[in-house]
Amino acid sequence: MSEEPERVRPHLQASRRVAQIMRAAEEAATTLRDEAERRADARIAEASRAAKLRVDAAEEEAAEILGEAQGRAAVMHETAAAEAGRMRDEARSEVDRLLAEARKEAEDVQRIAEVFAAQTREAAETSTRKQLARARELAGEVLSEGREMSHNLRELADSLRNNAEILLRDVTLAHRVLASRLDEAGVDLGENAASRGAARDPAFGDVPEFVPRTPRSDR
């Protein structure tokens with residue numbers, strides 16, 4: 001009985017030894033874990049402090065940049081407002097200049113048109129006066145020619161009338177001479193036959209139609 005416990009004792013010692021080693025390993029692991037957590041917490045805290053410092057520095061820098069940008073924007077706004085005012089003034093001046101030039105050109109065109117219209121009207125009146133004068137001259141010439149022609153026609157009519165009367169006197173005289181000769185020759189043809197013979201005598205020719213059949217008295 002006493003020998004059995006002595007045989008089992010090395011196993012117990014080994015188990016105890018393993019248990020001690022396990023406890024020591026667990027304690028070491030716990031220590032390492034605690035140390036890692038402590039270091040991690042320290043690094044996290046340090047990183048948080050660094051991040052806060054960086055954020056604060058960035059906010060300060062951003063505030064400076066924002067202030068500088070606002071200052072530049074204000075200057076640029078003032079400059080832009082001044083430039084816009086200057087451009088408006090220049091545009092207004094240019095518009096006034098263009099309007100003045102347009103009015104002057106319109107006045108020049110109006111004046112030229114009035115002069116041209118006056119010249120055209122004067123030329124038309126002059127041409128009309130010349131045409132009227134020429135028409136009156138032509139009318140006078142036609143009237144003068146008509147009067148002259150009428151006078152010539154009257155003179156021609158008077159001349160024809162005189163010639164007709166002279167011819168009538170000659171025919172009447174020839175008729176009387178012929179009738180006297182026939183009477184002397186003892187030929188009695190009668191008044192109508194003598195008249196017809198005298199009218200048809202080839203020596204005297206045909207009596208014109210406008211000559212009256214009844215002889216006129218001698219003048």
Side-chain angles (χ1 to χ4, degrees), residues 43-171 205-213 216 219:
R43 289 182 179 179
I44 290 173
E46 185 179 358
S48 296
R49 289 192 299 271
K52 186 177 183 303
L53 291 175
R54 290 181 181 178
V55 169
D56 294 340
E59 288 179 354
E60 293 178 359
E61 186 177 0
E64 293 178 358
I65 293 173
L66 181 61
E68 185 179 356
Q70 289 178 350
R72 290 181 180 178
V75 173
M76 292 178 66
H77 179 71
E78 294 177 357
T79 304
E83 184 69 16
R86 185 182 64 80
M87 292 178 67
R88 281 196 301 271
D89 295 338
E90 290 180 355
R92 190 177 295 109
S93 300
E94 184 67 15
V95 170
D96 294 337
R97 185 183 66 81
L98 292 175
L99 288 175
E101 291 180 356
R103 292 192 186 97
K104 185 176 181 302
E105 290 179 359
E107 291 176 357
D108 294 340
V109 171
Q110 180 67 23
R111 186 163 49 253
I112 293 172
E114 291 176 355
V115 172
F116 180 76
Q119 292 177 352
T120 303
R121 186 165 49 252
E122 183 178 358
E125 291 177 355
T126 302
S127 178
T128 302
R129 286 194 297 268
K130 290 181 179 179
Q131 291 180 0
L132 289 175
R134 180 58 180 167
R136 292 191 185 97
E137 183 179 355
L138 291 175
E141 292 177 358
V142 171
L143 181 60
S144 177
E145 291 178 357
R147 289 175 179 174
E148 183 178 359
M149 186 178 294
S150 177
H151 178 70
N152 293 334
L153 289 174
R154 282 196 298 270
E155 289 183 351
L156 179 60
D158 293 339
S159 176
L160 291 174
R161 187 180 299 108
N162 293 330
N163 291 333
E165 291 177 353
I166 293 172
L167 180 60
L168 181 59
R169 286 197 300 269
D170 293 340
V171 170
D206 295 334
V207 178
E209 293 180 356
F210 62 84
V211 178
R213 296 298 180 183
R216 295 183 181 180
R219 294 181 181 178

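If you read the sequence from its start, that first residue is 1, and numbering goes on from there.
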Test: Asp96 and Arg92 ion pair at under 4.0 Å: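 Not counted as a salt bridge, because no side-chain N and carboxylate O are separated by less than 4.0 Å.
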May I ask you to say whether Arg97 pairs ionically with Glu101, meaning some side-chain N is under 4.0 Å from a carboxylate O?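 Looking at Glu101 together with Arg97, the answer is yes, because their closest N to O distance falls below 4.0 Å.
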So with a 6.0 Å cut-off around [atom1] of [X], is the heavy-atom count from everything else above 12?
X	atom1	value
Arg86	CZ	yes
Arg43	CZ	no
Glu46	CD	no
Glu141	CD	yes
Glu137	CD	yes

Derivation of the side-chain contact (heavy atoms from CB on, under 4.5 Å) call for Val95 and Leu99: CA-CA 6 Å; Val95 170; Leu99 288 175; 3.9 Å; yes
Min side-chain heavy-atom separation Thr128-Glu125 under 4.5 Å: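 Heavy-atom side-chain distance check fails, nothing below 4.5 Å.
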Compare all side-chain heavy atoms of His151 with those of Glu148 and state whether any distance is below 4.5 angstrom.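 No, too far: nothing below the 4.5 Å cut-off.
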Taking atom [atom1] of [X] and atom [atom2] of [Y], what is their separation to the nearest 0.5 Å?
X	Y	atom1	atom2	value
Leu143	Leu138	CG	CG	12.5 Å
Glu61	Ile65	CD	CD1	4.5 Å
Gln119	Arg121	CD	CZ	10.5 Å
Ile112	Gln110	CD1	CD	10.5 Å
Asn163	Leu156	CG	CG	9.0 Å
Glu155	Asn162	CD	CG	11.0 Å

Determine whether a donor-acceptor pair (N or O, by modelled atom type, separation under 3.5 Å) exists between the side chain of Ser144 and the backbone of Gly140.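 Flag not set: sc Ser144 to bb Gly140 has no pair under 3.5 Å.
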Kindly determine whether Val75 and Arg72 satisfy side-chain contact (heavy atoms from CB on, under 4.5 Å), including the steps that lead there. CA-CA 5 Å; Val75 173; Arg72 290 181 180 178; 5.6 Å; no
Between Ser150 and Arg154, is any side-chain donor less than 3.5 angstrom from a side-chain acceptor?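 A pair is found: one side chain offers a donor N or O, the other an acceptor, under 3.5 Å apart.
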Does one side chain, of Arg129 or Thr126, offer a donor that lies under 3.5 Å from an acceptor on the other?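 Per modelled atom types, Arg129 and Thr126 side chains form a pair under 3.5 Å.
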Report the C-alpha distance between Gln131 and Ser127 in whole Å, list the side-chain angles of each, state the deciding distance to 0.1 Å, and finish with yes or no for side-chain contact (heavy atoms from CB on, under 4.5 Å). CA-CA 6 Å; Gln131 291 180 0; Ser127 178; 3.5 Å; yes
